[in-house]
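Remarks on the structure that follows.
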Amino acid sequence: MSATEHSDGGGGTVAYIQHHLTNLHTGEGFWTFNWDTIFVSILLGGVILKMAFMVKGNLETGTPGAFQNFVEMILEFVQTQVKDSFPGHNPLIAPLALTVFLWVWLMNFMDLIPVDLLPTLAAGLGIPYLKVVPTTDLNTALAMALVVFVLTVYYNLKVKGPMGYLKMFLFHPFGKAAVPANIVMTAIEELAKPLSLGLRLFGNMFAGELVFLLIALLTLGATIGASLLIWFPLQVVLDLAWLIFHILVITLQAFIFMVLTIVYLGMAHTEDH
Amino acid sequence: MSITITLIAQVLAFTILIWLVNKHLWGPLSAVLEARQKKIADGLAASEKGLQEQEQAEARAEEVINEAKVQAADIIAQAQARSAQVIEESKGKAAEEAERLIAGAKAEIDQEVNRAKDGLRKQVSDLAITAASKIVGKEIDMKVHKKALNDLVAQI
């Protein structure tokens, strides 16, 4: 439906992309609620919980069923990652990592749904904008990074003690000779961690979404004719190629986010590094 | 494309989701995994123990069999010794009995011979007296010729 709306000339292309990159929002400035981001992410959280209750409903200690086996496989995968990169023991880390992995993966997965499908359906229901991939919203990516950052600071203070944490700022990485430089360097380092964590996810997913939009643009507004014979097969091939590549990307990004979460929290748990 | 109140909402959503995942997915499932690990470990330990016990039982059985073999050999040796003894004893008894029987028979034979000899002697003397009286023609007075007759009897 949106395709027909914006099919008039070069301005239509910009409008098409802008339309796709606009959240369903209310409010102005800081007080803007991106309802599509919030709704989809909570819905996907619900999917995780539904899965949890399905598994919890008939837990087998002996021989698990296919579905429980699948969930156990994911769980053991996460557990292995935690064991490999996290020193010591903290009962919060593994569930946190599992949540990150599942949630980010599901949110990224929304990217694989054809770009026009859900917005068109929503338009049919009278919803003007719909940006279905929550991780292409900077707020989601940074929100998770912020939670990880807060946990990092909390565990730094808890494990190293306030003085230990302060010492890390004062004497790291150049030793006692260059205290002012150390403060700046460590502050940048500590702030860059969550920022890069969030921006990496956001950037990858946003770029991926944009490429899907560009591929969709190939036949946008094209009239039935000879040129369609060239563009349509090209679009199909490109879309399929990018889709398959993107399966790898969404998994990889979810994995990276999870591993870095574990690693950052692991660094907070070590006395000196 | 800016940071808005949505971020706060997502922080809340994320935090609550972590809590829920921990409670309803990670908690129960990792408990089950741990229980299974324990079960497997227990099973392996039990099988190990069972194997050990079987080995012990086999060793014990072998011991018992060996003991039984030794005992059986003892019993056979004893029985053989006893049977040899019994045979020896019965042989001795039989020999004794035979000697005794032979001795008895010999004594009886001697007695019979003596008795026959006595009978013959008497008959010979009677015959001699009868013959002598016929020759002499008269009755020999037993009293008179008693001495001569006795000599004659003794000579036969």
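Since this is a predicted model, take the numbers as computed values, not measurements. Note that these values count all heavy atoms, side chains included, but never hydrogens, waters or copies made by symmetry. Numbered from 1 within each chain, the chains take letters A, B, ... in sequence-line order.
The closest side-chain donor-acceptor pair between B/Q10 and A/S41 falls under 3.5 angstrom.
Heavy-atom distances place no part of A/V150 under 4.5 Å from chain B, backbone and side chain included. Only the side chain of A/F53 comes within less than 4.5 Å of a heavy atom of chain B; its backbone N, CA, C and O stay farther away. Heavy atoms closer than 4.5 Å to chain B are found in both the backbone and the side chain of A/W31. In this structure, chain A has a heavy atom under 4.5 Å from the side chain of B/L33, while its backbone stays farther away. For chain B, the nearby parts of A/A94 are the backbone and the side chain; heavy atoms of each come within less than 4.5 Å. Only the side chain of B/A9 comes within contact range of chain A, judged by heavy atoms closer than 4.5 Å.
In this structure, B/A13 and A/I42 approach most closely via the heavy-atom pair CB-CG1, 4.3 Å.
B/V21 places a side-chain heavy atom less than 4.5 Å from the side chain of A/I48. Side-chain contact between B/T4 and A/F33 is absent, with no heavy-atom pair separated by less than 4.5 Å. You'll find the side chain of A/P95 stays beyond 4.5 Å of the side chain of B/K23, heavy atoms only. Between B/R36 and A/E72, the closest side-chain pair of non-hydrogen atoms falls below 4.5 Å. By the 4.5 Å heavy-atom criterion applied to side chains, B/T6 and A/H25 are not counted as neighbours. Using a 4.5 Å heavy-atom cutoff, the side chains of A/L102 and B/L25 are in contact. Within the 4.5 Å cutoff, side-chain heavy atoms of A/V100 are placed close to those of B/F14.
When the candidates B/L20, B/I8, B/T15, B/I16 are compared by the number of heavy-atom contacts under 4.5 Å with chain A, B/L20 comes out ahead. When the candidates A/L96, A/I38, A/L75 are compared by the number of heavy-atom contacts under 4.5 Å with chain B, A/L75 comes out ahead.
Residue A/F70 places its CZ atom among 12 or fewer non-hydrogen atoms of other residues, nucleotides or ligands, all under 6.0 Å distant. Residue A/E28 places its CD atom among 12 or fewer non-hydrogen atoms of other residues, nucleotides or ligands, all under 6.0 Å distant. Around the CD atom of B/E62, the shell of radius 6.0 Å holds no more than 12 heavy atoms that belong to other residues, nucleotides or ligands. When the shell of 6.0 Å around CZ of A/F39 is examined, it contains 12 or fewer heavy atoms from other residues, nucleotides or ligands.
Between the CD1 atom of B/I18 and the CG atom of A/L151 there is a distance of 6.5 Å, given to the nearest 0.5 Å. Once rounded to the nearest 0.5 Å, the distance linking CG of B/L17 with CG of A/L49 reads 6.0 Å. Between the CG atom of B/N22 and the OG1 atom of A/T99 there is a distance of 7.5 Å, given to the nearest 0.5 Å.
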Check: Going through the distances and angles, do A/K56 and B/L29 end up as a side-chain contact (heavy atoms from CB on, under 4.5 Å)?
Finding: CA-CA 7 Å; A/K56 205 181 166 188; B/L29 209 56; over 6 Å; no
